[in-house]
Amino acid sequence: MIIETGADRLLVSSRRLAGRQYGLLAHGASVTARQIPLHLALRAAGYPPTALFGPEHGYYGVEQDMVASRDHRDPWTGVPILSLYGDGEHTLRPDPSAFTGLDLLVIDLQDVGSRYYTYIATAIWAAEVALEQGVEVWVLDRPNPLGGDIVEGIGVGAAYHSFVGAFDTPVRHGLTLAELTMLEAKRRHWDTSGLLCLAVRGWRRAHAWPATHRPWIAPSPNMPTYTTAQLYPGGCLIEATTLSEGRGTTRPFQLIGAPGIDPPRLAAALVDHPGVTAIPTYFKPQFQKHAGEVCGGVELVVTEPAIFQPYRFGIHLLATIARLTPDVFAWRAEPYEFVSDRPAIDLLTGGSACREAIETGEGLEEWIASWEEAEMTFKEERRDVLLYL
């Protein structure tokens, strides 16, 4: 099986860019089948972008999470890079003036299949502003690394939308970036005459990342491996606590813990979750939470990807740590992605139900059971925008 991403397809027909003044929203994982950065491949083909747009972490992924990126020039080509992640919420959508002189925005971002991975919001908000300015938008699609069949979780309550929950989808939505864009275009009643989605050839919904036979290129600094992406729908929830999610180590979202946690006790409490093994361990983050401190915790290993439910596991992981070590567990109190008036865990889970159930020790299983109806409803809604079998 040969996979052709939207970027690969554009290169084959790059002459369609002749005479166009276009911006490219991309990042370090925006590479061709030959592992060439897309903006360099397009320049070599004779059709260089006029401007580059960088999402969170910057165009080259040099910034850690929630660290502002600045406008600058690409050191290789001299093309201006406009940051879509600055020092305030207002920077997350491009100013309409960013499209002055452009007639096309090309978007090529590798998503990881989780609602709170912020490239989704950046891509769709940029597309929306561009279309409003009369600028065409081409979305170059890439596979969903987690596959496209399984949906996990519920949507986002009206009062809980944010950069990590910009759209009312389950946490594990099973869609590609192009499909998500088409879904929001339908919901928001866009004029889509200027929207083109170049689908991936050779990809099927049942295919997770290994089936693509393409090397994993980290789309962000703390997404170094496919295993990280597998764990992320649940592991990201740890960001909403004072526990370390493994940032500052070589295994982010695989290492979970904090000073004061008993590793064997925590690992023993997690043995009943199918598809994943928790190995008791110690680790020392070099930066971010608990930097320089020895943390007790677990290393998570995905043993059976086909049956592993990462979001459900992540919820149970939170509840287990809160129950076993109430003197260690606490919710994050600092602002999260520019939001300070709602807890980070509420933003990630789409409401207050999860937090309240963990705090009271009641109702968690009932809340998780309620997902089934929401998952089925979303599968029905997304049917009209599916590009792949």
Side-chain angles (χ1 to χ4, degrees), residues 3-10 13 16 22-27 30 53 55 84 92-94 99 104-156 161 163 165-207 212 219 374-389:
I3 292 288
E4 280 187 287
T5 66
D8 298 330
R9 293 183 59 194
L10 177 60
S13 58
R16 67 170 68 187
Y22 73 96
L24 175 64
L25 170 54
H27 58 179
S30 305
F53 294 86
L84 295 182
L92 304 181
R93 293 174 182 265
F99 297 108
L104 171 65
L105 173 65
V106 177
I107 301 175
D108 182 27
L109 295 172
Q110 177 64 63
D111 184 41
V112 299
S114 298
R115 179 178 70 210
Y116 15 75
Y117 205 55
T118 61
Y119 296 149
I120 301 170
T122 296
I124 293 174
W125 289 345
E128 186 172 42
V129 175
L131 291 170
E132 289 171 349
Q133 298 306 304
V135 174
E136 283 187 51
V137 174
W138 296 355
V139 180
L140 311 183
D141 213 10
R142 291 183 177 269
N144 183 325
L146 304 182
D149 283 333
I150 297 174
V151 169
E152 197 180 357
I154 59 175
V156 181
H161 285 273
F163 195 39
F167 313 113
D168 188 18
T169 72
V171 167
R172 188 174 174 186
H173 45 69
L175 297 177
T176 65
L177 181 59
E179 291 172 331
L180 284 162
T181 303
M182 293 167 58
L183 178 61
E184 285 306 306
K186 178 182 177 182
R187 288 172 167 180
R188 295 163 181 245
H189 308 290
W190 289 359
D191 176 358
T192 57
S193 58
L195 176 64
L196 172 68
C197 294
L198 284 180
V200 183
R201 286 181 176 159
W203 188 71
R204 298 292 182 267
R205 307 208 75 82
H207 292 164
T212 69
E375 291 164 350
M376 293 177 60
T377 299
F378 180 72
K379 277 194 169 185
E380 283 299 315
E381 182 190 13
R382 74 175 194 167
R383 191 184 300 276
D384 291 342
V385 301
L386 298 184
L387 295 172
Y388 311 95
L389 299 176

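Predicted model only: the values in this text are computed from it and were never measured. What you see below is based on every heavy atom in this structure, not just the backbone, and it leaves out hydrogens, waters and symmetry mates.
Looking at Arg382, its side chain does come within 3.5 Å of a backbone N or O of His173 through a donor-acceptor pair. Judged by distance alone, the side chain of Asn144 and the main-chain N or O of Thr176 form no donor-acceptor pair under 3.5 Å. Using a distance-only test at 3.5 Å, with no hydrogens or angles considered, a donor-acceptor pair links the side chain of Glu375 to the main chain of Gly153. Judged purely by atom type and a 3.5 angstrom limit, Thr118 has no side-chain atom pairing as donor or acceptor with the backbone of Phe163. When atom types are taken as modelled, the side chain of Arg93 and the backbone of Trp125 share no donor-acceptor pair closer than 3.5 angstrom.
In the model, Asp141 has a side-chain atom that pairs as donor or acceptor with a side-chain atom of Tyr388 under 3.5 Å.
Within the model, atoms CG of Leu24 and CZ of Phe53 stand 9.5 Å from one another, a figure rounded to the nearest 0.5 Å. Atom CG of Asp108 and atom OG1 of Thr5 lie 6.5 Å apart (nearest 0.5 Å). Note that the CZ atom of Phe167 and the CD1 atom of Ile124 stand 4.0 Å from one another [nearest 0.5 Å]. Atom CG of Leu105 and atom CG of Leu195 lie 10.5 Å apart (nearest 0.5 Å). We find the NE2-OG1 distance between His27 and Thr122 to be 10.5 Å, quoted to the nearest 0.5 Å. Within the model, atoms CZ of Phe378 and CG of Leu175 stand 4.5 Å from one another, a figure rounded to the nearest 0.5 Å.
A salt bridge does not link Asp111 to Arg142: none of the charged nitrogens lies less than 4.0 Å from a carboxylate oxygen.
The two residues Gly174 and Glu179 have their closest heavy-atom pair at O-OE1, 4.3 Å. The minimum heavy-atom distance between Arg205 and Asp149, with the atom names listed, is CB-OD1, 3.3 Å. Ala374 approaches Ile154 most closely through the heavy-atom pair CB-CG2, 3.6 Å. When all heavy atoms are compared, the tightest approach of Asp168 to Arg187 is O-NH2, 2.8 Å.
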Notebook entry, point to check: Can Ile150 and Arg172 be said to form a side chain to side chain contact (heavy atoms under 4.5 Å, CB included), step by step?
Noted result: CA-CA 7 Å; Ile150 297 174; Arg172 188 174 174 186; 3.9 Å; yes
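Looking only at side-chain heavy atoms (C-beta outward), Tyr119 and Ile107 stay at 4.5 Å or farther from each other.
A side chain to side chain contact (heavy atoms under 4.5 Å, CB included) with Pro55 holds for exactly one of Leu84, Ile120, Leu109; it is Leu109.
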Can you give each donor-acceptor pair under 3.5 Å made by side-chain atoms of residues 197-204, sequence neighbours left out, with the distance rounded to 0.1 Å?
| unit_1 | atom_1 | unit_2 | atom_2 | d |
| --- | --- | --- | --- | --- |
| Trp203 | NE1 | His207 | O | 3.1 |

